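To start, the structure under review is shown below, and the notes come after it.
Keep in mind that what you see is a predicted model, and the values were worked out from it rather than measured. Heavy atoms only: backbone and side chains are in, while hydrogens, waters and symmetry mates are out.
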Amino acid sequence: MMFGMSISAWANTQLQEIKAYLNGELKIRMDGQIVQLKDANGKSVLPISYQGTTYLPVRAVSQLLDVDVSYNAQRKEVVIGEGSQTGNPSTPAQPAQPITPPAQPQPSPAVPDDTVKLVSWSDKAENGKLEVTASVQNTASSGKTVGIVATGYDKNGKAVETQGISGFVVGGHVRNFNVSLNAVDVIDSVKVELTGHRQQVELISYADRLHQGKLEVTGVVENGNEKGATTGIVVTAYDKNGKAIETKGTSGFVVGEHVRNFKVSLNAASQIARIEVKATGFADAVQVLSEASRVDNGKLVVEAVLENGYEKGKTLGIVVTGYDKNGKAVETKGSSGFVVGEHVRNFSVSLSSASNIDKVNIQITEED
């Protein structure tokens, strides 16, 4: 399909008229899976081929990679990874409500499909990674999507890394799956399990390890629905007293009946005693999934993970107010940014008056 773009109204700009092609034949493969490019409203978009070069829509790619993207009209700049705005949001803040995360469906019993067999698997250290290879047989006459999840454990039996992969297996055939684990230096044993028998979005496994001064959390989510869905993970870390001190989330599109790997890095590794990991994608409106706060370098760092449960993207944010022991507001700051529809975004605010703050109140801002 060939199209032209008229620029008669832009004669004094640097826009140039071209003739290019919408390339409906080109497929995008991410993490071993075919994915669909979509705009902020969830509408499918196509790559463009022009003079031997293929161009991908930046927002669609950023959404798949869970990277923020925005457009600064005044500067005529596409801003990638710097979409957050700090300061007083223009949208009036609404009173904070108690955090009631969206209800997650109870995991269905993981009853393996008798027609899918894990024939064999092996692992070996190679090029600084632990390569896990498995052969899976589909004994049924019809094809189906299956895969594997490999979880590495240290010598104390603690899960330190988990990764999954999935794909279509023709009826009666065998398919080989390969997963690479980075924590080869601490992995003492490996467990491999099959995917493809869940009926909804579920967090299959998660693991964590100390890596380069941060706590690296990996999680595998399976979308058991036939239709693709946006999901992810939200991680909340607690100190030895049970106080939530850090929270982060990430999300992305998962093809129907496939799995996807998610990773979150937490900065307060030395203070973390335990973590809680949940799947995202269940909100039907704007929802606070988690919040946390801690003192870091003399400042009070307050974090919140928001999920935009609407199909259409919108600008969200938080306003944090710190109060002293007498109930007087001593400092307030906000942060806001665009959140793609059905995705999550992390917000963080640092208050300088940490020594004077006895409690904080978080208010949510939302674009009308």
Side-chain angles (χ1 to χ4, degrees), residues 30-33 66 101 104-113 116 118 121-123 129-134 136 145-167 177-184 186-211 214-225 229-238 247-266 272 274-282 289-290 344:
M30 178 175 176
D31 295 333
Q33 304 172 16
D66 195 28
Q104 300 196 25
Q106 293 298 318
S108 56
V111 180
D113 186 343
V116 178
L118 180 61
W121 65 271
S122 61
D123 64 86
K129 297 184 178 182
L130 189 67
E131 300 293 340
V132 181
T133 305
V136 179
T145 300
V146 297
I148 62 167
V149 172
T151 303
Y153 297 83
D154 64 15
K155 61 183 180 180
N156 297 315
K158 179 183 179 297
V160 294
E161 187 177 3
T162 186
Q163 300 287 334
I165 189 172
S166 55
F177 292 96
N178 177 259
V179 165
S180 298
L181 299 178
N182 296 306
V184 61
V186 295
I187 293 177
D188 182 69
S189 62
V190 177
K191 177 183 177 182
V192 178
E193 58 181 313
L194 289 168
T195 71
H197 48 270
R198 289 164 178 82
Q199 304 301 313
Q200 57 197 12
V201 173
E202 287 187 29
L203 175 65
I204 301 177
S205 62
Y206 71 88
D208 65 271
R209 65 168 177 142
L210 187 63
H211 181 59
K214 297 185 178 183
L215 190 68
E216 185 177 275
V217 183
T218 50
V220 182
V221 178
E222 180 174 347
N223 176 15
N225 304 307
T230 299
T231 182
I233 61 172
V234 59
V235 182
T236 305
Y238 299 84
T247 186
K248 292 280 195 310
T250 184
S251 57
F253 187 80
V254 184
V255 177
E257 301 179 341
H258 280 260
V259 302
R260 179 165 175 173
N261 303 314
F262 294 95
K263 181 173 71 173
V264 165
S265 294
L266 302 178
I272 296 173
R274 68 178 181 89
I275 62 171
E276 180 182 65
V277 184
K278 294 182 178 181
T280 70
F282 306 104
L289 299 184
S290 59
V344 303

Would you check if [X] and [Y] make a side-chain contact, meaning some heavy-atom pair closer than 4.5 Å?
| X | Y | answer |
| --- | --- | --- |
| V255 | N223 | no |
| V186 | Y153 | no |
| L130 | V190 | yes |
| L266 | K248 | yes |
| I275 | Y238 | no |
| T145 | H258 | yes |

Pick from T151, V192, I165, V149: which one makes a side chain to side chain contact (heavy atoms under 4.5 Å, CB included) with V179? I165

Identify which one of V259, T218, V132 satisfies the side chain to side chain contact (heavy atoms under 4.5 Å, CB included) criterion when paired with Q163. T218

Of all the heavy-atom pairs spanning [X] and [Y], show the shortest one and how long it is.
| X | Y | answer |
| --- | --- | --- |
| G219 | L203 | CA-CD1, 4.5 Å |
| V201 | F282 | O-CZ, 3.8 Å |
| K214 | S265 | CD-CB, 4.2 Å |
| H197 | Q199 | O-NE2, 3.5 Å |
| G164 | V220 | N-CG2, 3.7 Å |
| T230 | S251 | CG2-CB, 4.5 Å |

Just by modelled atom types, is the F253 backbone N or O under 3.5 Å from a matching donor or acceptor in the R260 side chain? yes

So does Y206 get a backbone contact from the side chain of T162, meaning a donor-acceptor N/O pair under 3.5 Å? no

Return the [atom1] to [atom2] distance between [X] and [Y], rounded to the nearest 0.5 Å.
| X | Y | atom1 | atom2 | value |
| --- | --- | --- | --- | --- |
| I233 | T280 | CD1 | OG1 | 8.5 Å |
| S180 | E131 | OG | CD | 3.0 Å |
| N178 | D123 | CG | CG | 11.0 Å |
| W121 | T133 | CH2 | OG1 | 10.5 Å |
| R198 | E222 | CZ | CD | 5.0 Å |
| L194 | S166 | CG | OG | 12.0 Å |

So salt bridge (Lys or Arg N to Asp or Glu O under 4.0 Å) across residues 152-162, not counting sequence neighbours, yields K158-D208

Verify side chain to side chain contact (heavy atoms under 4.5 Å, CB included) between K129 and V184, making sure each step is shown before the conclusion. CA-CA 5 Å; K129 297 184 178 182; V184 61; 5.5 Å; no

